[in-house]
Amino acid sequence: MNSNTPLSASKPHLVVVGNGMVGHHFVEQMIAQSGHESFQITVFGEEPHLAYDRVHLSEYFTGKGAADLAMTDGTLYDDNGVRYFTNSLVTEIDRKAKVLLLQDGQSLSYDKLVLATGSYPFVPPIPGHKRDNTFVYRTLEDLDAIRDCAKKVTRGTVVGGGLLGLEAANALKNLGLETSVVEFAPRLMPVQLDEKGGSVLKGMIEGLGVKVYTDTATQEIVDGEASFHRMNFADGTHLETDLILFSAGIRPQDALAKQSGLEMGERGGITINNHCQTSDADIYSIGECALWNNMIYGLVAPGYTMAKAAAGHLLGDTSVAFTGADMSTKLKLLGCDVGSVGDAHAKTQGCKVFVYQDEISQSYRKMVVSEDGKKLLGAVLVGDNSYYDTLLQYYLNAIDLPEQAQSLILPAMDGAPAALGVDALPATASICSCHNVSKQDISDAVCNGALSVGDVKGVTKAGTGCGGCAALLKKVVDNELLALGVEVSTDICEHFAYTRQDLFNIIKIEQIKSFDDLLKKHGKGHGCEICKPAVGSILASVWNEYVLKKEHIVLQDTNDRFLGNMQKDGTYSIVPRIPGGEITPAKLIVLGEVAKEYNLYTKITGGQRIDLFGATLPQLPEIWGKLVAAGFETGQAYGKSLRTVKSCVGSTWCRYGVDDSMTMAVDLENRYKGLRSPHKIKFAVSGCTRECAEAQSKDIGVIATEGGWNLYVCGNGGMKPRHGDLFATDLDRETLITYIDRVLMFYTKTADRLQRTSVWMDGLEGGLEYLKDVVINDKIGMCDELDKAMDYVVDTFQCEWKTTLEDPEALKTFRQFVNYDGVDENVVFVEERDQIRPATESEKQELIAKVG
Amino acid sequence: MTTQWKLVCKKSDLIEGAGVAAMVNNQQVAIFYLPEATSDTKVFAISNWDPFGKANVLSRGLVAHLQGQWTVASPLYKQHFVLSTGECLEEDVKIPHWDMKLEGDNVFILES
Ligand SMILES: Cc1cc2nc3c(=O)[nH]c(=O)nc-3n(C[C@H](O)[C@H](O)[C@H](O)COP(=O)(O)OP(=O)(O)OC[C@H]3O[C@@H](n4cnc5c(N)ncnc54)[C@H](O)[C@@H]3O)c2cc1C
Ligand code: HEM
Ligand code: SF4
Ligand code: SF4
């Protein structure tokens with residue numbers, strides 16, 4: 001992937017070596033500040049890909065592809081005249097001549113140089129460390145190799161029990177390996193955790209079936225007996241394993257600095273000043289290869305700050321500088337919350353410590369405070385990170401601790417930790433550390449018209465890095481909106497001072513069965529086109545009554561009222577259900593015959609259904625009469641309900657299929673076909689990971705694997721595509737259906753009106769993890785209710801068209817005119833490609849002129 | 001010009017809380033029956049023609065009571081039309097409307 005922008009001779013030449021996350025951010029910063037107009041920029045990267053999101057690298061194993069992780073596809077570079085070269089290792093710098101030498105022998109002169117070469121994994125020089133089936137965990141290629149090997153073996157071991165090591169262990173476990181972790185130090189995560197915290201974490205991780213060996217030194221790796229390797233430990237014991245993954249820390253990639261004689265730290269790293277300049281003023285260094293104040297920063301946020309400082313300095317703005325960064329972290333490792341803030345080890349002189357430990361629910365929390373007890377210096381959290389945001393803000397902003405400081409780590413009696421009101425945060429408080437966005441920045445954005453979290457994200461980039469600040473960001477935005485006097489009204493309309501979710505609960509708890517009843521008890525006025533269909537839909541979700549029942553009929557939007565999709569000319573389209581897209585030739589012929597008889601425009605939809613267009617109101621019952629007689633059911637394409645389950649043919653026919661996706665698709669469609677929901681729902685089922693049914697872009701996506709079924713949730717194609725989140729892997733059929741039941745019911749219960757699952761998920765506090773807690777771990781004790789609600793809907797399914805055809809009162813409403821048998825003369829068709837289509841306005845004029 | 005009441009249909013042809021279409025003097029009329037309305041007459045009529053969507057569909061819209069006024073929301077692009085005056089709430093447009101009356105089982109429209 002090479003660029004084709006020619007080298008410009010007139011501008012000074014700026015070369016960036018390394019196209020990782022930080023190198024890329026630097027280019028973005030330069031472009032944002034119009035630096036590409038004063039410099040000709042060239043980028044060299046050693047990897048075959050342009051910059052990708054290494055922080056989320058592990059998601060490569062859980063469904064994301066290289067394209068999903070990519071930070072740019074090169075368009076940004078091309079559009080701004082930045083030349084870039086991948087697969088290009090820079091091997092030498094001639095600082096005198098100001099020339100770079102590349103591995104392929106080419107050379108190139110520079111005026112300014114930025115080294116963003118990152119770091120490489122440290123592999124302890126244990127005898128045997130270069131054997132086959134040993135890996136590191138840093139690049140996409142590393143992960144490809146690990147995946148290939150894991151397919152063939154059963155046991156995997158991670159050497160190193162730090163952050164990365166545990167993340168890698170999680171990946172091995174997800175790949176289906178029996179997993180162990182070997183750590184030399186006496187506890188896990190020695191950098192971030194204290195002894196007690198490390199041991200609580202160890203207990204939790206062992207509870208998940210991962211073996212942990214701490215205080216264990218590997219002396220050599222040799223051929224195993226039962227497995228590929230045997231690791232011999234210093235204490236005489238050993239471990240047999242097939243795959244070894246080294247994660248024993250990282251080392252700055254400073255080879256170029258060493259070769260060219262730049263000043264370096266004793267233990268490596270390219271020494272920089274506050275402007276990120278190295279000992280050569282024309283050479284900058286940023287990211288994990290840079291050493292500031294004798295510190296290497298192994299996180300992405302400090303790298304981004306360095307990138308900003310370097311770009312600023314190059315463009316003559318010395319006000320932005322790099323002056324160190326906070327290394328507090330919060331993570332979920334193998335499903336366990338772990339957090340570390342500031343001085344976790346209580347090394348500050350005279351500091352005092354509070355500790356809280358709960359051996360029943362396995363959590364541990366420690367606060368380190370100053371000698372006078374006024375300031376928070378550090379903290380350790382294991383088991384529950386809901387305390388993290390508040391502690392971090394106390395620490396970062398040196399806010400005075402409250403009277404009973406220990407309350408910050410004690411479980412609040414009503415269940416929620418005592419959160420620090422966002423009001424108490426100073427304007428300088430950093431809300432998003434990945435993009436260094438302060439409370440003030442957010443406040444400014446809101447004042448300038450960003451009136452929602454989404455808008456604020458767009459303007460400030462807050463919340464678009466690791467996503468850890470999402471909950472806090474929402475609070476700050478809401479708080480700012482309130483301060484501005486913008487009422488954050490969540491009422492659905494003037495008739496009900498409730499959200500959709502409130503109405504759902506009211507209807508359910510008070511057993512309300514009609515709109516009028518609800519309006520009388522909880523609303524005012526007479527309803528409108530917002531609340532009527534919303535309530536109609538909730539009543540249908542909860543009680544699943546016939547939607548054209550007399551008291552419900554006036555609630556339905558025209559599509560639901562006439563059980564068809566109104567088209568632009570007032571005619572309707574008809575979409576019979578074809579579960580899974582599977583149809584017999586006989587039924588297909590019926591559709592063809594009906595379409596021919598009524599001269600309907602016929603098209604195959606994106607969801608593998610057949611859509612018949614151009615039916616007038618009185619034709620609808622006639623046509624449906626024939627379809628129902630031939631065994632068709634309504635496809636509910638008009639409803640906010642399950643639309644389609646798209647399928648691929650799967651293992652029954654396809655030579656790659658690993659399971660019967662076709663049967664699964666048909667069964668899922670038949671199970672959920674009656675469910676009325678806040679918005680339409682689309683499913684897909686693929687028979688293997690080739691994913692021909694595109695399940696990852698659906699509200700519910702199911703993909704067959706060797707071990708069962710993988711479930712993806714809340715994907716979307718459409719206006720704003722969203723990749724589905726991998727919810728659970730290798731499920732058996734029964735568990736799969738239970739999870740889908742619960743996810744759909746929980747969505748139906750809690751989403752806003754007309755909110756697709758994708759938007760619902762983006763706004764769900766706690767996100768995917770929370771949804772998993774609700775559905776898998778029954779954290780809020782709702783599973784039973786959700787299961788019952790879904791069973792009720794499934795049991796009470798009726799084909800609305802069948803019911804309608806049997807109901808003379810309902811049929812009456814399908815008359816075109818109450819007093820006249822004629823047709824709507826404004827409905828005019830012309831022919832195109834042998835089928836009808838609505839005439840355009842000018843075609844109608846012409847036709848009328850001819851007749852007249 | 002004389003005006004006179006003309007019989008359109010029976011009360012049982014109407015749908016409570018919603019609209020139906022009728023043909024009156026070669027013109028499509030959307031008739032709404034709103035027993036909850038506080039006005040003398042409970043029956044309203046406006047043209048069935050949606051000037052924005054350019055289709056005869058207003059009788060099939062949802063009735064919305066907004067700030068004291070009875071309206072119908074077009075099923076195509078959701079503009080509201082006031083049932084008693086034909087005024088559009090979103091745009092500067094007015095569509096035809098007719099006076100209606102209910103006598104026993106009969107529904108009458110005032111022809112002009
Ligand atoms: C699995 C994993 C999880 C992580 N999780 C987190 C996290 O949760 N939070 C967090 O803050 N950080 C995390 N990190 C760390 C984060 O990814 C790094 O801090 C960040 O990627 C550093 O960016 P960089 O640009 O400095 O280095 P890199 O991303 O390493 O980029 C350097 C690039 O330069 C190239 N290069 C090196 N030498 C040359 C040369 N001579 N010529 C040409 N190209 C060269 C390299 O091939 C590489 O592509 C994680 C890292 C990993 C591996
Ligand atoms: C086989 C040898 C070793 C392995 C596999 C190993 C594993 C690891 C890992 C994975 C990390 C964390 C890196 C990260 O945060 O991602 C780490 C860092 C650390 N380990 Fe070990 N370790 C080894 C040797 C040692 C030794 C010899 C000591 C000291 C007695 C030690 C104590 C520590 C300390 C203090 C750190 C933090 C260093 C830093 O700032 O990066 N470990 N080790
Ligand atoms: S997803 Fe797999 S099973 Fe389905 S059609 Fe494609 S290759 Fe075959
Ligand atoms: S993409 Fe647009 S034009 Fe096409 S069917 Fe959907 S709404 Fe209509």
Side-chain angles (χ1 to χ4, degrees), chain A residues 493-495 515-516 519 523-534 536 548 550-562 564-572 616-618 638 809-810 812-828 838-841 844, chain B residues 6-38 48-50 52-81 89 106-107 109:
Chain A
C493 68
E494 65 176 80
H495 306 104
F515 181 81
D516 286 346
L519 193 68
K524 55 174 192 277
H526 302 280
C528 65
E529 85 283 6
I530 306 288
C531 59
K532 283 179 181 175
L548 298 189
K550 191 157 182 291
E551 62 263 42
H552 301 324
I553 196 167
V554 297
L555 306 181
Q556 314 302 347
D557 239 322
T558 185
N559 284 358
D560 269 319
R561 185 169 150 203
F562 299 109
N565 290 38
M566 183 186 271
Q567 303 299 327
K568 59 197 287 185
D569 60 352
T571 64
Y572 292 85
T616 61
L617 205 49
Y638 45 81
E809 272 303 301
K812 235 175 63 179
T813 64
F814 287 86
R815 286 184 293 178
Q816 191 86 46
F817 302 106
V818 288
N819 61 346
Y820 168 66
D821 264 344
V823 296
D824 179 356
E825 280 173 358
N826 182 54
V827 173
V828 183
T840 62
E841 284 308 303
K844 277 185 205 170
Chain B
K6 177 174 175 175
L7 178 68
V8 192
C9 61
K10 298 281 175 201
K11 186 175 150 196
S12 57
D13 289 321
L14 303 180
I15 302 173
E16 282 186 26
V20 297
M23 189 66 99
V24 179
N25 296 340
N26 224 7
Q27 193 163 14
Q28 291 198 25
V29 177
I31 304 175
F32 297 84
Y33 177 36
L34 307 172
E36 292 173 42
T38 48
N48 198 26
W49 178 252
D50 175 349
F52 303 104
K54 303 210 183 309
N56 289 305
V57 294
L58 292 184
S59 59
R60 291 176 264 164
L62 268 171
V63 172
H65 190 249
L66 297 178
Q67 291 171 1
Q69 299 192 86
W70 287 99
T71 69
V72 63
S74 162
L76 287 171
Y77 302 113
K78 314 298 172 198
Q79 294 89 352
H80 296 89
F81 297 90
L89 293 184
N106 293 329
V107 180
I109 188 167

Which residues share a ring pair (Phe, Tyr, Trp, His ring centres under 6.0 Å) with B:H80, sequence neighbours left out = none
ask   = With no hydrogens and no angle check, is any side-chain donor or acceptor of A:N819 less than 3.5 Å from a backbone partner on B:M23?
value = yes
task = Any chance you could measure A:D824, atom CG, to B:N56, atom CG, to the nearest 0.5 Å?
result = 4.5 Å
key: Residues B:D13, A:R815: salt bridge by 4.0 Å N-O rule   = yes
request  = Apply the test side-chain contact (heavy atoms from CB on, under 4.5 Å) to residues A:F817 and B:V20: give CA-CA distance (whole Å), side-chain angles for both, the deciding distance (0.1 Å), then the verdict.
outcome  = CA-CA 7 Å; A:F817 302 106; B:V20 297; over 6 Å; no
message = So for A:E529, is it side chain, backbone, both, or neither that comes closer than 4.5 Å to the heavy atoms of chain B?
response = both
ask   = By a 4.5 Å heavy-atom criterion (distance strictly below it), what part of B:A22 contacts chain A: side chain, backbone, both, or neither?
value = both
key: Interchain contact, A:D557 with chain B, by part (heavy-atom threshold 4.5 Å)   = both
ask   = Are the side chain of A:K568 and the backbone of B:A55 linked by a donor-acceptor contact shorter than 3.5 Å?
value = no
query = Which value, rounded to the nearest 0.5 Å, describes the distance between A:I530 atom CD1 and B:K78 atom NZ?
reply = 9.0 Å
query = What residue, out of A:E825, A:R561, A:Q816, A:K812, has the most heavy-atom pairs lying under 4.5 Å from chain B?
reply = A:R561
remark   = dist B:Q28:CD -> A:N826:CG (nearest 0.5 Å) comes out at 7.5 Å
query = Which bit of A:E841 comes within less than 4.5 Å of chain B, counting heavy atoms only: side chain, backbone, both or neither?
reply = side chain
ask   = Which atoms form the tightest heavy-atom contact between B:L76 and A:Q567, and what is the distance?
value = CD2-O, 3.6 Å
query = Among residues 57-68 of chain B, which ones touch chain A with a heavy-atom distance under 4.5 Å?
reply = B:V57, B:S59, B:R60, B:G61, B:L62, B:V63, B:A64, B:H65, B:L66, B:Q67
